[in-house]
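What follows is a short report on a single structure.
Computed from a predicted model, the values in this text were never measured in an experiment. Convention: sequence-line order gives letters A, B, ...; per-chain numbering from 1.
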There are 2 protein chains.
Amino acid sequence: MTTDDIKSKLIERGLKVTPQRMAILEAIYSLKNHPTAENIIDYILKKHPNIATGTVYKVLGVLVENQLIKKVTTEKDIMRYDGIMESHHHLYCMESDVIKDYVDVELDELLQKYFEKKNLPGFKIEDIVLQLKGTFDNR
Amino acid sequence: MTTDDIKSKLIERGLKVTPQRMAILEAIYSLKNHPTAENIIDYILKKHPNIATGTVYKVLGVLVENQLIKKVTTEKDIMRYDGIMESHHHLYCMESDVIKDYVDVELDELLQKYFEKKNLPGFKIEDIVLQLKGTFDNR
DNA sequence: CAGTAATTGAGAATCATTCTCTTTTAGGAA
DNA sequence: TTCCTAAAAGAGAATGATTCTCAATTACTG
């Protein structure tokens, strides 16, 4: 993911390209494990000492609205963010709060077929998120 | 769900039976739509004008730890609570924040079988929660 | 019914997030 | 390129959910 790639993503959505938005997107792509706003701020401060906390939250909101990133919720009351927009699920470790991406095309197809047959009356599904809660055995 | 039923649940878990815990559990069972702590406090204040906010949060934490209730997360940063412990999923309406329970034994079996075969290396699944995000058509 | 550890109340403290308002800036137009 | 304007960012106060502290109260044990 180059700087130009990131810039293109913003332009595609009709968003102005600002250094702050570039830096925040770059941070989300670099930081693994679904960073919190705080993680992102810490990361960015190295290169942009003057970025305001409020700006980070504002930009994150804009990026979510424009579907460049996703919010990820856990049972902790801190929001986390995910830069991967392809369909995937999450393995959530309740002990360590680690969230691992879980891509499973076969499962997605299975679920899609299942819900095509079993129509949910009055509800239009837009996204199916499977949260697999558990613990990582080994390290 | 009678008062005695609720009391039994507390005793089963080895928890002391206090009026506050009784009232909070009763509130969660009565309030539909996965109440927030605030919803619960409002509900309880009618009968228990002196209950402290902090107590409600503390009790909610204890009830979650003891598996009498579950936390439910949405993209809003307010925690919601669920008194139904049987396996079920959620239809989450992104427009109205309504959360409807979705019980589907067939789906649970399908998922269970699927993950029995497809072993996830290094991860022990304890709970599978499907969040179906979308919108309710009518109403 | 007394003793004790657990629980609660009251309110301050914390911490993530939002808001307000002023200043700055990106990007289109001249 | 330079100008213009709406959009974005900065600074820091405000908000609001949740947690913490500590003294007073209470549920259960014996």
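Both K16(A) and V17(B) lie near DNA chain D, and the one whose nearest nucleotide falls closer to the 5' end is K16(A). Residues G14(A) and L15(B) both approach DNA chain D. Their nearest nucleotides, taken by heavy-atom distance, put G14(A) toward the 5′ side.
V59(A) comes within 4.0 angstrom of the backbone, heavy atoms only, and of no base. Residue contacts shown for G61(A) are absent, as no nucleic acid heavy atom lies under 4.0 Å away. Residue V62(B) is classed as having no contact, given no heavy-atom separation below 4.0 Å to the nucleic acid. Contacts of P49(B) with the nucleic acid, taken as non-hydrogen atoms under 4.0 Å apart, are absent.
Neither OP1 nor OP2 of dA8(D) sits under 4.0 Å from any side-chain N or O of T55(A). Contact between the side-chain N/O atoms of Y57(A) and the OP1/OP2 oxygens of dT17(C) is found at a separation under 4.0 Å. Residue T18(A) has a polar side-chain atom (N or O) positioned under 4.0 Å from OP1 or OP2 of dA9(D).
Between the C1' atom of dT8(C) and the CE atom of M22(B) lies a distance of 17 Å, rounded to the nearest Å. Rounded to whole Å, atom P of dA17(D) lies 14 Å from atom CE of M79(A). dA6(C) atom C1' lies 10 Å from atom NZ of K58(B), rounded to whole Å. The separation between E65(B) atom CD and dT19(D) atom P is 11 Å, rounded to whole Å. Between I51(A) atom CD1 and dA9(D) atom C1' the separation is 9 Å, expressed in whole Å. Put simply, CZ on R21(B) is 7 Å from C1' on dT7(C), counting in whole angstrom units. In this structure, the CG atom of L10(A) is 13 Å from the P atom of dA26(C), given to the nearest Å. What separates CG of L45(B) from C1' of dG9(C) is a distance of 13 Å, to the nearest Å.
The environment of NZ in K113(A) is sparse: at most 12 heavy-atom neighbours from other residues, nucleotides or ligands sit within 6.0 Å.
Among the nucleotides dA6(D), dT17(C), dA16(C), the one closest to the side chain of E38(A) is dA16(C). The side chain of A52(A) lies closest to dA11(D), out of dA11(D), dT17(C), dA26(C). Residue Q20(B) places its side chain closer to dG9(C) than to any other of dT17(C), dG9(C), dA8(D).
Across every non-hydrogen atom of Q131(A) and T73(A), the tightest pair is NE2-O, 3.3 Å.
At least one side-chain heavy atom of L15(B) sits less than 4.5 Å from a side-chain heavy atom of R21(B). Residues Q112(A) and D108(A) form no side-chain contact, since every pair of their non-hydrogen atoms from C-beta on lies 4.5 Å or further apart.
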Exercise for review: Determine, step by step, whether F115(A) and L107(B) satisfy the side chain to side chain contact (heavy atoms under 4.5 Å, CB included) criterion, reporting the C-alpha distance in whole Å, the side-chain angles of both residues, the deciding distance to 0.1 Å, and the verdict.
Suggested key: CA-CA 10 Å; F115(A) 284 109; L107(B) 176 63; 3.8 Å; yes
